[in-house]
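Please read the structure below before turning to the comments.
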2 protein chains.
Amino acid sequence: MKLDTIDYAILEALQKDGRLANANLAEKVGLSASACSRRLDALEKNGVIRGYYARVSNKELGHDMTAIVNISLSGQFQKTLSEFETAVKRCPNIVVCYLMSGEYDYTLRVVAKDLADYERIHRDWLTALPHVAKINSSFALREVIDRPNVGIDAGLAKKC
Amino acid sequence: MKLDTIDYAILEALQKDGRLANANLAEKVGLSASACSRRLDALEKNGVIRGYYARVSNKELGHDMTAIVNISLSGQFQKTLSEFETAVKRCPNIVVCYLMSGEYDYTLRVVAKDLADYERIHRDWLTALPHVAKINSSFALREVIDRPNVGIDAGLAKKC
DNA sequence: AAACGCACGCAATGTCCTTGCGAAATTGGG
DNA sequence: CCCAATTTCGCAAGGACATTGCGTGCGTTT
């Protein structure tokens, strides 16, 4: 899909406030409400906007702890990978998982309530994942940045 | 803030669809629209819901590449850390940053358009960060999971 | 130059959000 | 155990909002 300046303005505004009312959004990007609504519709239908989400405080839910877990598998066969991935997707505490280049095969981000909860997850989920050869956990001491998306202006920003 | 079953239902629904209209949300959790609106208001005011955001397709924006970057600093002084973090926050391509325990001090997630773009970011931003002693980049080959939040049911789920 | 397509603004209609109010439920103290 | 205080609920009304059809203007194509 081809995007123009106004589309980028819409995306940027909705990245910051996903519940922004169409009327306010229209004003912000300099369009009438109807035109803005139609553009928004197109952005959603074409998959540019993949959805809207509420950002729930993990702390308020009692999930204070974040761990980065690196995992190596015992093989690289397609079947090995897909079995592992299927199992990973079942664990609600695993919020991010990438297949990686480099020393480890997968990098996970695991969220837990506390150390005891993490111990439970490690025991019941992580070590139960199939074909795992090596696990390496590091704990996050503090969250410095957690943006939902890359900035729309990422290509245009000045260097530091 | 104290949360009950209905609050959790509200959070869960809005984690999946942040633009869910209050009327539909009310029906889904079994409340009247007014009661639901008031609860939602309380959840927002108390910081349980930290905000709403649209999820924009990085692919549609041309940001196909994700890298995990581990960084060690030359010292652990408070001033060193805060100068580093201030600089990190300025880079729009860095979407996640944690202060970590373990071998490296920080773990970043960096989003780039392609390898050339990553090379630019590495040169103009990452190596320009203050007090950096060591950088280690790994590239994501594929995104297996990227959930916006830990599941509300994380504590209740059955093991695999 | 004319015709076509596309995006826009305006206006109307139907839906939705919010707030005030009284009733019901829950909680805590006597 | 009961009563009072506080909270939370549902209902109703008023105001705001989203959506759709329609006519207009602009740019492109033939």
Side-chain angles (χ1 to χ4, degrees), chain A residues 1-63 148-149 151-153 155-156, chain B residues 1-63 148-149 151-153 155-156:
Chain A
M1 184 185 179
K2 222 176 136 249
L3 303 176
D4 64 11
T5 312
I6 297 180
D7 291 317
Y8 283 117
I10 291 174
L11 293 175
E12 190 165 17
L14 288 176
Q15 275 193 1
K16 289 178 188 155
D17 179 6
R19 283 213 132 186
L20 193 61
N22 182 67
N24 299 344
L25 179 61
E27 189 187 12
K28 186 169 287 199
V29 303
L31 279 183
S32 72
S34 59
C36 187
S37 175
R38 276 185 274 253
R39 270 178 187 261
L40 187 51
D41 205 49
L43 290 170
E44 290 169 359
K45 285 207 167 67
N46 287 292
V48 181
I49 294 178
R50 289 166 60 195
Y52 301 89
Y53 300 91
R55 201 144 211 266
V56 177
S57 161
N58 281 337
K59 195 171 277 183
E60 284 287 337
L61 291 179
H63 285 103
N149 280 107
I152 298 293
D153 57 347
L156 319 164
Chain B
M1 184 187 180
K2 221 174 138 252
L3 305 176
D4 64 12
T5 313
I6 297 180
D7 291 317
Y8 283 117
I10 291 174
L11 293 175
E12 190 164 19
L14 288 176
Q15 274 193 1
K16 290 178 187 157
D17 179 5
R19 284 215 130 184
L20 191 61
N22 180 68
N24 299 342
L25 179 61
E27 189 187 13
K28 186 169 286 197
V29 305
L31 279 182
S32 72
S34 59
C36 188
S37 174
R38 275 185 274 250
R39 271 178 186 261
L40 187 51
D41 205 48
L43 289 170
E44 290 169 357
K45 285 206 167 67
N46 287 294
V48 181
I49 295 178
R50 288 165 57 197
Y52 303 88
Y53 64 94
R55 193 147 214 259
V56 177
S57 162
N58 281 338
K59 196 171 277 184
E60 283 286 337
L61 292 179
H63 285 102
N149 279 108
I152 297 294
D153 58 346
L156 319 163

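Quick caveat: nothing in here was measured; it's all calculated off a predicted structure. Letters A, B, ... are given to chains in the order of the sequence lines, protein chains preceding strands, and every chain is numbered from 1.
Of all nucleotides listed (dC8(C), dT19(D), dG10(D)), dT19(D) comes nearest to the side chain of N22(A). Distance from the side chain of A23(B) is smallest for dC17(C) among the nucleotides dC17(C), dC8(C), dT18(C). Counting only heavy atoms from C-beta on, A35(B) has its side chain closest to dG10(D) among dA18(D), dC17(C), dG10(D).
Between L31(A) atom CG and dA18(D) atom C1' the separation is 15 Å, expressed in whole Å. Atom CG in D41(B) sits about 12 Å away from atom P in dG20(C), given to the nearest Å. The distance from atom CG of L40(B) to atom P of dC9(D) is 13 Å, rounded to the nearest whole Å. Here the P atom of nucleotide dC16(C) and the CG atom of N24(B) are 7 Å apart, to the nearest Å. At whole-Å resolution of the value, CG in D4(A) and C1' in dC26(D) are 15 Å apart. R38(B) places its CZ atom 14 Å from the P atom of dC17(C), with the value rounded to the nearest Å.
No side-chain heavy atom of K59(A) sits less than 4.5 Å from a side-chain heavy atom of L61(A).
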*Apply side-chain contact (heavy atoms from CB on, under 4.5 Å) to M1(B) and L43(B), showing your working.*
CA-CA 8 Å; M1(B) 184 187 180; L43(B) 289 170; 4.1 Å; yes

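Between R39(B) and dC9(D), a side-chain N or O to OP1/OP2 separation shorter than 4.0 Å is present.
When each of D4(A), L25(A), L3(A) is tested with R39(A) by the rule side chain to side chain contact (heavy atoms under 4.5 Å, CB included), just one qualifies, namely D4(A).
Evaluation of atom-type donor-acceptor distances gives no pair under 3.5 Å for the side chain of S34(B) against the base of dC9(D).
Within the 3.5 Å criterion, the main-chain N or O of N149(B) finds no donor-acceptor partner in the side chain of R55(A).
Mapping L20(B) and K2(B) onto DNA chain C by nearest heavy atom places L20(B) closer to the 5' end of the strand.
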